[in-house]
Chemist: 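Structure provided below as structure tokens; questions to follow.
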Amino acid sequence: MADGKLSLDIGGTTVVVSNPGKVYFPRTGHTKLDLVQYYLAVAGGALRGVSGRPMVLKRFVNGAEGEPFFQKRAPDKRPDWIETVLLSFPSGRTADEVVARDAATLAWVVNLGCIDLNPHPVRAGDLDHPDELRVDLDPVPGVAWPQILQVALVARDVLADFGLTGWPKTSGSRGFHVYARIEPRWTFTEVRRAAVALAREIERRVPDLATAQWWKEERHGVFVDYNQNAKDRTVASAYSVRPTPDARVSTPLTWPEVDGCDPAAFTIDTVPARFAEIGDPWAGMDAASGSLEPLLALAVEDEKAGLADAPWPPHYDKQAGEPPRVQPSKRKVRGDAPAPASVAPPAPGKTSGPTGRRRSAMPLIEVARAATKDEAMAGLDRWKERHAGVWEYLEPADVLVDSMRGRSYSWTRIRLNLRHVPEAERPPQETLEIDYDPWTQGEGPRRRG
């Protein structure tokens, strides 16, 4: 039964698991206790990814198919053996975040409803100097898995050419991650600058496969998301179970395993046996710290060649040397003449459209606003069935899947750029396939947080 409590002795520490029989993955039947037992089975590997690092609590209190909320502050009511550290954020706010160093803490955060683990790239002893460079490969819709792996192999080669060792893992979702341990000598801004140079070098080597372009309307192939290295960004760590229907795991690999690997093969059921058999492929990671100096030198060369800083996420303060945060379709052309633009009409019953109140030169329509990505994609599938002829004109970069995050909740919006559709065949803005209102229906998660 889901009710009740279960006390576990984990390394001499008692951890109470509430509602151990609560189903977290409805399609596989895995429960909260299954999730706890998974993390205990792979604790050696999972702790390599999170030990000593402050982490954001991404809580799925209603299971993997429910809407999560993000909690930076450690709960006020917590055991006295839970370690915390005070972090400050670009917004000016501060929070005492949980720091895990043992299996008992892993079990405790899972009991709070955390399915995956989301640590910062710094250690509690030095919050200003990351010791991890994170290469997040994010494919645009329609990009096939083999292409993502090709880009991962290029990322490995670029890292090696600039003196760093890459450590690959599946993301457990659509993308792929490559981490590199670095000496904790550089600030977040400097690490991000190195990540921008790395992303641009990957794009230079395989321009048809990868992109370093921040604006979605300019992306193609696999986006190398350099902004995951900005301060306050977190990524699901190694051995994290992801909130997918089949409970996939973000799994560390050896490089020979990468080419041809199947992300569906790594789940909450299969990874513990793999870990017991081969150990952790990332076991040597902490002994392989490298210098950012070669990548920072590349950044200097890029600047001399006329490449300015790349855009930062919108909630960050404007940075020195950053280009204007204006989407390409909204930039002025030829002197002061603005590009032809208009405010896209909203869907029936809505007060704002796919570009809000902003003008855009791109013919955008909105398809869905949903509490989860799966719901949004299901809405897109229904739109595709009705507009099969139009869909044939669209390229992967024309499908804009936006992960929208509030302070403690998230939702998904899908828009379509009809720039490649002949004007006479462009469908009008229709009623949204999924009409989720994050400003009213999203209040629940904020109250729980």
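No experiment lies behind these values; they were computed from the predicted model shown.
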Chemist: Checking V42 against Y38 for the side-chain contact (heavy atoms from CB on, under 4.5 Å) test, could you report, in this order, the C-alpha distance in whole Å, the side-chain angles of both residues, the deciding distance, and whether it holds?
Modeler: CA-CA 7 Å; V42 299; Y38 162 81; 3.7 Å; yes
Chemist: Taking the inter-plane angle between the rings of F25 and H30 on a 0 to 90° scale, is it parallel (under 30°), tilted (30 to 60°) or perpendicular (over 60°)?
Modeler: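 Ring orientation of F25 relative to H30: perpendicular.
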Chemist: Compute whether any side-chain donor of one residue and acceptor of the other, for E65 and Y24, lie under 3.5 angstrom apart.
Modeler: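 Note: E65 and Y24 side chains miss the donor-acceptor criterion.
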Chemist: Let me see the working for N111 and K32 under side-chain hydrogen bond (donor to acceptor under 3.5 Å, both in side chains), right down to the final yes or no.
Modeler: CA-CA 7 Å; N111 183 59; K32 179 192 279 190; 3.2 Å; yes
Chemist: List in chain and number order the residues that pass side-chain hydrogen bond (donor to acceptor under 3.5 Å, both in side chains) with Q37, two or more places apart in sequence or in another chain; answer none if no residue qualifies.
Modeler: none
Chemist: Would you give the length of the straight line joining atom CD1 of I414 to atom CD of E366, rounded to the nearest 0.5 angstrom?
Modeler: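 Spacing of CD1 (I414) from CD (E366) equals 10.0 Å.
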Chemist: Could you give the distance from CG (L364) to CG (N417), rounded to the nearest 0.5 Å?
Modeler: 5.0 Å
Chemist: Salt bridge or not between R386 and E433? Use side-chain N to carboxylate O under 4.0 Å.
Modeler: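 A salt bridge links R386 with E433.
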Chemist: Using the salt bridge (Lys or Arg N to Asp or Glu O under 4.0 Å) rule, take D398 and R419 through it: C-alpha gap first, then chi angles, then the decisive distance, then the call.
Modeler: CA-CA 8 Å; D398 295 334; R419 57 186 170 175; 2.7 Å; yes
Chemist: Can you name the closest pair of heavy atoms from V99 and T105 and give their distance?
Modeler: O-CG2, 4.2 Å
Chemist: Dump the intermediate steps for side-chain contact (heavy atoms from CB on, under 4.5 Å) on V109 and V98, then the final yes or no.
Modeler: CA-CA 9 Å; V109 299; V98 172; 4.1 Å; yes
Chemist: If you round to the nearest 0.5 Å, how far is CD of E97 from CG of L87?
Modeler: 5.0 Å
Chemist: With rounding to the nearest 0.5 Å, note down the distance linking OG1 in T412 to CD in E375.
Modeler: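 It is 9.0 Å, given to the nearest 0.5 Å.
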Chemist: Check the angle between the aromatic planes of Y239 and F275 and answer parallel, tilted or perpendicular using the 30° and 60° thresholds.
Modeler: perpendicular
Chemist: Is there a donor in the side chain of K5 and an acceptor in the side chain of S18, or the other way round, less than 3.5 Å apart?
Modeler: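 No, because no side-chain N or O of K5 sits under 3.5 Å from a partner of the opposite role on S18.
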Chemist: Can you give me the closest heavy-atom contact between I365 and P427, atom names plus distance?
Modeler: CG2-O, 4.2 Å
Chemist: Give the minimum heavy-atom separation between P252 and P281, together with the two atoms involved.
Modeler: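 Heavy atoms only, the tightest pair is O-CG, 3.6 Å.
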Chemist: Not counting sequence neighbours, which residues clear salt bridge (charged side-chain N to carboxylate O under 4.0 Å, His left out) with R156? List them please.
Modeler: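 Residues passing salt bridge (charged side-chain N to carboxylate O under 4.0 Å, His left out) with R156: none at all.
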Chemist: Taking the side chain as C-beta and beyond, is there a heavy-atom pair between M55 and H120 under 4.5 Å?
Modeler: no
Chemist: Does any non-hydrogen side-chain atom of V224 lie less than 4.5 Å from one of L137?
Modeler: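 L137 reaches V224 side chain to side chain.
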Chemist: From N227 CG over to D138 CG, what is the distance, rounded to the nearest 0.5 angstrom?
Modeler: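 It is 12.0 Å, given to the nearest 0.5 Å.
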Chemist: Salt-bridged, R248 to D116, with N to O below 4.0 Å?
Modeler: no
Chemist: For side-chain hydrogen bond (donor to acceptor under 3.5 Å, both in side chains), just list the numbers for H220 and Q213, CA-CA rounded to whole Å, side-chain angles, deciding distance to a tenth of an Å, and then say yes or no.
Modeler: CA-CA 9 Å; H220 67 276; Q213 301 301 315; over 6 Å; no
Chemist: D269 vs R274, test: salt bridge (Lys or Arg N to Asp or Glu O under 4.0 Å). Steps then yes/no.
Modeler: CA-CA 10 Å; D269 289 322; R274 168 186 166 86; over 6 Å; no
Chemist: Can we say R193 and E190 salt-bridge, meaning some charged N sits less than 4.0 Å from an Asp/Glu carboxylate O?
Modeler: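 Judged by the 4.0 Å cut-off on N to carboxylate O distance, R193 and E190 do not form a salt bridge.
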Chemist: With sequence neighbours excluded, what pairs up with R73 under the side-chain hydrogen bond (donor to acceptor under 3.5 Å, both in side chains) test?
Modeler: none
Chemist: Under a 4.0 Å threshold between the charged nitrogen and the carboxylate oxygen, would R415 count as salt-bridged to D402?
Modeler: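 Yes, this pair counts.
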Chemist: Could you go through L198 and L133, starting from their C-alpha distance and side-chain angles, then the distance that decides it, and tell me whether this counts as side-chain contact (heavy atoms from CB on, under 4.5 Å)?
Modeler: CA-CA 10 Å; L198 175 75; L133 177 69; 4.2 Å; yes
Chemist: G175 and I148: which non-hydrogen atoms are nearest, and at how many Å?
Modeler: C-CG2, 4.5 Å
Chemist: Here's one to test your reading of the geometry: is the NZ or CZ of R192 within 45 degrees of the ring axis of W312 and under 6.0 Å from its centre?
Modeler: yes
Chemist: Relative to each other, are the rings of F223 and Y226 parallel, tilted or perpendicular (30° and 60° limits)?
Modeler: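 Perpendicular.
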Chemist: If you compare all heavy atoms of W214 against all heavy atoms of D225, which two are closest, and at what distance to 0.1 Å?
Modeler: CZ3-OD1, 3.8 Å
Chemist: Provide the closest heavy-atom pair for G260 versus L149 in the form atom of the first, atom of the second, distance.
Modeler: N-CD1, 3.7 Å
Chemist: Between D437 and R369, does any NZ, NE, NH1 or NH2 come within less than 4.0 Å of an OD or OE carboxylate oxygen?
Modeler: no
Chemist: When you compare the side chains of R59 and Q71, does any donor N or O come within less than 3.5 Å of an acceptor on the partner?
Modeler: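 Side chains of R59 and Q71: pair found under 3.5 Å.
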Chemist: I need the L127 CG to S88 OG distance, nearest 0.5 Å.
Modeler: 8.0 Å
Chemist: Do D131 and R123 have side chains that get closer than 4.5 Å, going by heavy atoms?
Modeler: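 Yes, side chains in contact.
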Chemist: Which class fits the ring pair Y179 and W282: parallel under 30°, tilted 30 to 60°, perpendicular over 60°?
Modeler: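 Taking W282 first and then Y179, their aromatic rings sit tilted (interplane angle of 30° to 60°).
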Chemist: I'd like to know if R204 and D302 make a salt bridge, using a cut-off of under 4.0 Å between side-chain N and carboxylate O.
Modeler: yes
Chemist: Taking side-chain contact (heavy atoms from CB on, under 4.5 Å) as the criterion, tell me which of N118, L117, L47 meets it with S237.
Modeler: L117
Chemist: Please walk me through it: do V135 and F176 pass side-chain contact (heavy atoms from CB on, under 4.5 Å)?
Modeler: CA-CA 8 Å; V135 183; F176 199 89; over 6 Å; no
